[in-house]
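I have placed the structure first, in the form of structure tokens, so that the comments after it can refer back to it.
Chain identifiers are assigned alphabetically (A, B, ...) following the order of the sequence lines, protein sequences preceding nucleic acid strands; residue numbering begins at 1 within each chain. What you see below is based on every heavy atom in this structure, not just the backbone, and it leaves out hydrogens, waters and symmetry mates. As the structure is a prediction and not an experimental result, all values here were calculated from the model.
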Amino acid sequence: EAQVTQNPRYLITVTGKKLTVTCSQNMNHEYMSWYRQDPGLGLRQIYYSMNVEVTDKGDVPEGYKVSRKEKRNFPLILESPSPNQTSLYFCASSFGQGLTQYFGPGTRLLVL
Amino acid sequence: KNEVEQSPQNLTAQEGEFITINCSYSVGISALHWLQQHPGGGIVSLFMLSSGKKKHGRLIATINIQEKHSSLHITASHPRDSAVYICAVDMEYGNKLVFGAGTILRVKS
């Protein structure tokens with residue numbers, strides 16, 4: 001089944017404790033992206049990747065890192081999480097920028 | 001001013017009604033997307049448009065590039081259509097996706 005998976009789906013952590021949210025797709029998509037969704041602010045793009053080893057900042061990249069060492073995986077790293085990173089995070093992928101995006105199920109993160 | 005504006009913010013309809021959700025944008029785009037988010041949180045892509053009109057079942061999406069405007073229509077609405085509908089645009093330059101605030105639709109039986 002074609003899908004985008006994210007892990008974990010739910011995470012409660014404390015300020016400063018490094019964490020990684022994984023994202024994997026099995027559709028051989030070149031474009032992958034991370035978004036966060038907050039009440040009143042909607043969805044905002046954090047980082048995106050056009051292909052392996054090619055990443056770039058979205059609108060809200062501060063406090064996040066990404067890597068794209070393999071085509072199928074695009075992990076989101078929070079080196080030192082803070083409470084303002086409490087949010088619902090979505091990973092998405094597509095064959096290219098401007099094409100139909102397939103979203104993962106979302107990861108709910110609470111930083112205490 | 002947001003680059004992508006949606007209207008209305010909230011919409012309540014009776015089952016069977018024809019529904020229109022509007023999206024206006026102020027930037028050059030390469031494509032426009034309509035997304036659906038159900039209460040459980042998952043996001044599904046409904047349409048990707050760069051011109052004209054697309055139809056899938058009871059859903060119709062149109063775009064007018066000159067007027068920088070798109071509409072999503074739902075014919076014969078049903079309670080299962082209740083969801084948040086989000087417009088998003090792929091920027092013409094910069095490889096970024098920018099989202100509207102979403103329209104919360106509730107269809108009553």
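- Residues A:Val52 and A:Trp34 do not share a hydrophobic cluster, clusters being chains of Ile/Leu/Val/Met/Phe/Trp/Tyr side chains in contact below 4.5 Å.
- Using a 4.5 Å cut-off on side-chain heavy atoms (C-beta onward), A:Leu99 and B:Asp90 make no contact.
- Distance check: B:His33 NE2 to A:Ser94 OG gives 7.5 Å after rounding to the nearest 0.5 Å.
- Other residues, nucleotides and ligands contribute over 12 non-hydrogen atoms within 6.0 Å of the CZ atom of B:Arg58.
- Proximity to chain A is limited to the side chain of B:Ile86, based on heavy atoms less than 4.5 angstrom apart.
- At a threshold of 4.5 Å between side-chain heavy atoms, the hydrophobic network of Ile, Leu, Val, Met, Phe, Trp and Tyr places A:Tyr47 and A:Leu109 in one connected group.
- Counted within 6.0 Å of CD on B:Glu67, heavy atoms from surrounding residues, nucleotides or ligands total 12 or fewer; the atom is thus considered open.
- With a 4.5 angstrom heavy-atom cutoff, B:Leu35 touches chain A only via side-chain atoms.
- Counting all heavy atoms, side chain and backbone alike, B:Leu97 lies closest to A:Gln101 at CD2-NE2, 3.7 Å.
- Of all residues spanning residues 1-30 of chain A, none has a heavy atom less than 4.5 Å away from chain B's heavy atoms.
- Cluster annotation: B:Met91 is connected to B:Val4 through the hydrophobic network of ILVMFWY side chains, with a link wherever side-chain heavy atoms come within less than 4.5 Å.
- A:Arg44 has its side chain out of reach of B:Phe99: every pair of non-hydrogen atoms, C-beta onward, lies at least 4.5 Å apart.
- With rounding to the nearest 0.5 Å, the separation of CZ in A:Phe103 from CD in B:Gln36 is 12.5 Å.
- Against chain B, the residues from residues 53-69 of chain A that qualify, each with a non-hydrogen atom under 4.5 angstrom away, are A:Lys57, A:Gly58, A:Asp59 in number order.
- The two residues B:Lys96 and A:Gln45 make their nearest non-hydrogen contact at CA-OE1, 3.3 Å.
- At a threshold of 4.5 Å between side-chain heavy atoms, the hydrophobic network of Ile, Leu, Val, Met, Phe, Trp and Tyr places A:Tyr48 and A:Leu76 in two separate groups.
- Counting heavy atoms from C-beta outward, A:Tyr102 and B:Val44 have side chains that stay 4.5 Å or more apart.
- Hydrophobic clustering (ILVMFWY, side-chain heavy atoms < 4.5 Å, transitive): A:Leu43 and A:Leu41 are in distinct clusters.
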